[in-house]
Amino acid sequence: MPHPHRWHHPLCLAPRALRPWLTEAGSLTARLIAHHPDFQVRVLKQQAARPHQDELATLCLASGVRHAPTREVLLCAGTTPLVFAHSVTTAVAVRRGFRKFRHVGGRSLGSLLFASPTIARSRLAWCRVDARHPLWRKARKAVGPLPRRLWARRSVFYAGADRLLVTEVFLPPHF
Ligand SMILES: C=C(O[C@@H]1C=C(C(=O)O)C=C[C@H]1O)C(=O)O
C-alpha cells in the first residue's frame, strides 16, 4: 500500500483562516509573536532520534539511519499550545552548517534560521496528518486528545550542502 501521507496536499482544502499561517514564508515564530505577546517555546525533546520514514529522502538519509539530531517543541501562547514543531537534521550538519542547532535551548529555532543570511529555505509543502503518522501521535502525546486530522507544513532549510527539515503541526482549539 502506498504511504497514506503525501506532502502535497491541496491547500484549497484548508480552512480559510488557517491558510495565511500555512503559507507564511517568513518566520512562523515572528507571526505568532505578532498575534500572541505571551509567546513561549516549550522544549519537549532535543536529542538524536530515528527520523520519520517520510523525512529520509528529503534529508538524503539511508533508511537504516537511527540517530538524527532532532528537536521537538510546543509553540505556546502562555500555557496554551498553538503549534507542535519537529525539526530534524543530520549528524554532519550539526558539525557544519547548523552548528548552532544543538544550542538553541528555549529560544525559537526560527530566530536562528532567519537571522542568518547564508541559510536558504525551500518551498513549503503541506499534509494532513492523522493517527497513522508519527507527528500526529507525538503531538497527541504532548497535548492530549486531538481531532482525527491535523494540518501540517514543512520546509527544508539549507546551509550550503547541509539540510534541516522543519515541520509544524497546527493545533486546535486555536487553529
Ligand atoms: C522555523 C521556525 O522556527 C520555529 C521554531 C522552532 C523551534 O524552536 O524548535 C521550530 C520550528 C518553527 O516553528 C520559524 O519560526 O519559522
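Read the numbers this way: they start at 1 and go in the same order the structure lists the ligands and their atoms.
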- Taking both backbone and side-chain atoms of Ser87, is any N or O found less than 3.5 Å from an N or O belonging to ligand 1? no
- Message: Only heavy atoms of Arg107, strictly under 4.0 Å: list the atoms of ligand 1 that pass.
- Response: 8 (O)
- Note on the structure: Taking only non-hydrogen atoms of Ala85 and a 4.0 Å limit, the atoms of ligand 1 in range are 10 (C), 11 (C), 13 (O)
- Task: Between Glu24 and ligand 1, find which residue part has any heavy-atom pair under 4.0 Å and reply side chain, backbone, both or neither.
- Result: neither
- Message: Between Phe84 and Trp136, is there a side-chain heavy-atom distance shorter than 4.5 Å?
- Response: no
- Task: Please say whether Gly110 places an N or O atom under 3.5 Å from an N or O atom belonging to ligand 1.
- Result: yes
- Note on the structure: ligand 1 atoms nearer than 4.0 angstrom to some heavy atom of Phe114 are 14 (C), 16 (O)
- Query: atom 15 (O) of ligand 1: which of Leu44, Thr29, Val104 has the nearest heavy atom?
  - Reply: Thr29
- Query: Backbone N or O of Asp130 within a donor-acceptor pair of the Arg148 side chain at under 3.5 Å?
  - Reply: no
- Item | Where ligand 1 meets Leu75 - atom numbers and elements under 4.0 angstrom, heavy-atom basis | 13 (O)
- Which ligand 1 atoms does Val73 reach within 4.0 Å, using its non-hydrogen atoms? 7 (C), 9 (O)
- Task: Quick one: look at Ser108 and ligand 1, take heavy-atom pairs under 4.0 Å, and tell me if it's side chain, backbone, both or neither.
- Result: both
- Do side-chain atoms of His52 reach the backbone of Asp54 as a donor and acceptor pair under 3.5 angstrom? no
- Message: Is it the case that the side chain of Thr70 and the backbone of Ala68 share a donor-acceptor pair, with hydrogens and angles ignored and the cut-off at 3.5 Å?
- Response: yes
- Task: Could you tell me whether the side chain of Arg96 and the main chain of Ala93 form a donor-acceptor pair under 3.5 Å?
- Result: no
- Message: To check your reading of the model: name the closest protein heavy atom to atom 6 (C) of ligand 1, its residue, and the distance in Å.
- Response: Leu109 CB, 3.5 Å
- Contact (N/O only, under 3.5 Å) between Leu113 and ligand 1: no
- Heavy-atom contacts under 4.0 Å between Val83 and ligand 1: side chain, backbone, both, or neither? neither
- Given Arg31, Glu72, Glu168, which has its nearest heavy atom closest to atom 13 (O) of ligand 1? Glu168
- Is it true that a side-chain atom of Arg153 and a backbone atom of Trp21 form a donor plus acceptor pair closer than 3.5 Å? yes
- Does the Arg137 side chain pair with the main chain of Ala131, one donor and one acceptor, at a distance under 3.5 Å? yes
- Query: Looking only at heavy atoms, is any part of Leu28 under 4.0 Å from ligand 1, and if so is it the side chain, the backbone, or both, or is it neither?
  - Reply: both
- Item | No-hydrogen, no-angle side-chain donor-acceptor test under 3.5 Å, His174 and His36 | yes
- Only heavy atoms count here, so choose which of Arg71, Arg154, His86, Arg153 is nearest to atom 9 (O) of ligand 1. Arg71
- Item | Under 3.5 Å donor-acceptor, Arg154 side chain and Leu165 backbone | no
- Message: Quick check: do Leu124 and Leu22 have side-chain heavy atoms less than 4.5 Å from each other?
- Response: no
